[in-house]
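Here's the structure, in structure tokens; my notes come after.
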Amino acid sequence: MEYVQLGKTGLCVSRVGFGGIPIQRIDAARTVSLFDTLIECGVNYIDTARGYTVSEEYIGQAIKGRRDKFILATKSMARTDEAMALDIETSLKNLGTDHIELYQVHNPSLEQLNTVISPNGALKALLKAKAEGKIGAIGLTAHSLEVFEAALECDWVETIMFPYSIVETHGETLIAGCREKGIGFIAMKPFAGGALDDADIALGYILNNPGVSVAIPGMYSPDEVRKNTSVCPHEFSPSETERMLKLREELGTTFCRRCGYCLPCTAGIAIPNVFTFSAYFERYGLEDWGRSRYLSMSVQADACISCGVCETRCPYNLPIRALLKEKHSAFSKDS
Ligand code: SF4
Ligand code: SF4
């Protein structure tokens, strides 16, 4: 395992970290033994979120008696001071600790980012918790380039998490910006939400970028942990570059990179979210969670009026209208 400084946070992290979404598929006891394997393989960076149902709690149980082996990072969708203060307390309780090394603002829109930094916004609670020693560094996670760009200009942002994989490379210039500014960069969805399965290619490619502090593949089995950690350290070979280009081409016509260029949709559909939830549904094995998130969208894919505007904006020429129809019918089938 290779270890690097996470920006200027003072935290020394394993370059392969643990993405805590998929443990929703297992139970607390299996999470405990999964964490034995994380230690065996040198993984110290643990990512979770308030929004990942039981994930924080399972992790809390798994680190009992060995808290010092791990760097905990969680995140909250709270946007106000009061809601964030409550979420920080809940995270501390769930994780069974009195200190969380990294607490992140979870995927705000530009408008929500303004709320976060407003006088009674979530940042107030984060700064207070930091001053009290309840949390260490403050970070932000994003899915859109405009939020990533805005976060780079916020002096309180110590880490940024953004999707990065062989098919989602649109953040590369901003990842370099993180490196220049000493902001830690956390690569989420390195396997493109489950669309890739070759660890050497998927992880090798992003770890080859010196701007990436840590990549956080979601994992729920010891074999996955062993396979993914064996990639690091890794030098990307010419034959792997060839394989990567081939894979990228194969996925190119159907894979949404969540860049958001297709927005706004005439009917108000959050198009990239439909594809994100669909990946949870179809590829992560999190059917119920993916479906419930889709069904909670205020405007679902069947609202599409086929105006076609989004397709003229998509740089990857995705057949968005047809894909939305397909996803909606998959989500609407009886479970
Ligand atoms: S549909 Fe196209 S434009 Fe919209 S987020 Fe996906 S890749 Fe980007
Ligand atoms: S074609 Fe459908 S999804 Fe695309 S902009 Fe029009 S209404 Fe929205």
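In listed order, ligands and their atoms are each counted from 1.
- At a cut-off of 2.8 Å, Cys310 is not counted among the residues with an N, O or S atom near atom 2 (Fe) of ligand 2.
- Among the backbone and side-chain atoms of Cys256, an N, O or S atom lies under 2.8 Å from atom 6 (Fe) of ligand 1.
- Those atoms of ligand 2 that come under 4.0 Å of a heavy atom in Ile305, given as number and element, are 2 (Fe), 7 (S).
- The contact set between ligand 1 and Gly260, taken as ligand atoms under 4.0 Å from a residue heavy atom, comprises 5 (S), 8 (Fe).
- Taking a cut-off of under 4.0 Å to the non-hydrogen atoms of Ile320, the atoms of ligand 1 that pass are 1 (S).
- Ring geometry for Phe162 versus Phe148: interplanar angle of 30 to 60°, hence tilted.
- Which of Leu263, Val299, Leu324, Leu323 comes nearest to atom 3 (S) of ligand 2 through a heavy atom is settled by distance: it is Leu324.
- Val116 pairs in a side-chain contact (heavy atoms from CB on, under 4.5 Å) with only one of the listed residues (Arg79, Met84, Lys124), which is Arg79.
- In this structure, Gln300 contributes its side chain and Leu295 its backbone to a donor-acceptor pair below 3.5 Å.
- Given atom 4 (Fe) of ligand 1, the protein heavy atom at minimum distance is Cys262 SG, 2.3 Å.
- Residue contact check: Arg321 has heavy atoms under 4.0 Å from atoms 1 (S) of ligand 2.
- For the pair Gln24 (side chain) and Ile21 (backbone), a donor-acceptor distance under 3.5 Å is present.
- In this structure, Tyr164 and Tyr205 have tilted ring planes: the angle between them lies in the 30° to 60° band.
- Close approach of ligand 2 to Gly308 is summarised as follows: ligand atoms under 4.0 Å from at least one heavy atom of the residue are 1 (S), 6 (Fe).
- Taking all atoms of both residues into account, the shortest heavy-atom contact from Ile88 to Ala125 is CD1-O, 4.0 Å.
- For an aromatic pair to be called close, the ring centres must be under 6.0 Å apart, and Phe18 with Phe70 fails this.
- A side-chain N or O of Thr97 and one of Arg67 form a donor-acceptor pair less than 3.5 Å apart.
- The nearest protein atom to atom 6 (Fe) of ligand 2, hydrogens excluded, is given as Cys307 SG, 2.3 Å; this is a heavy-atom distance.
- For atom 2 (Fe) of ligand 2, the closest heavy atom belonging to the protein is Cys304 SG, 2.4 Å.
- Atoms of ligand 1 lying under 4.0 Å from at least one heavy atom of Cys314, given by number and element, are 2 (Fe), 3 (S), 7 (S).
- For atom 7 (S) of ligand 1, the nearest protein heavy atom (residue, atom name, distance) is Arg257 N, 3.3 Å.
- Near Thr266, the atoms of ligand 2 lying under 4.0 angstrom from a non-hydrogen atom of the residue are 5 (S), 6 (Fe), 8 (Fe).
- A donor-acceptor pair is defined here as one N or O able to donate and one able to accept, closer than 3.5 Å; such a pair exists between the side chain of Arg66 and the backbone of Ala62.
- Taken from OG in Ser109 to NE2 in His143, the straight-line distance is 13.5 Å, to the nearest 0.5 Å.
- Summary of contacts: the protein heavy atom closest to atom 8 (Fe) of ligand 2 is Cys265 SG, 2.3 Å.
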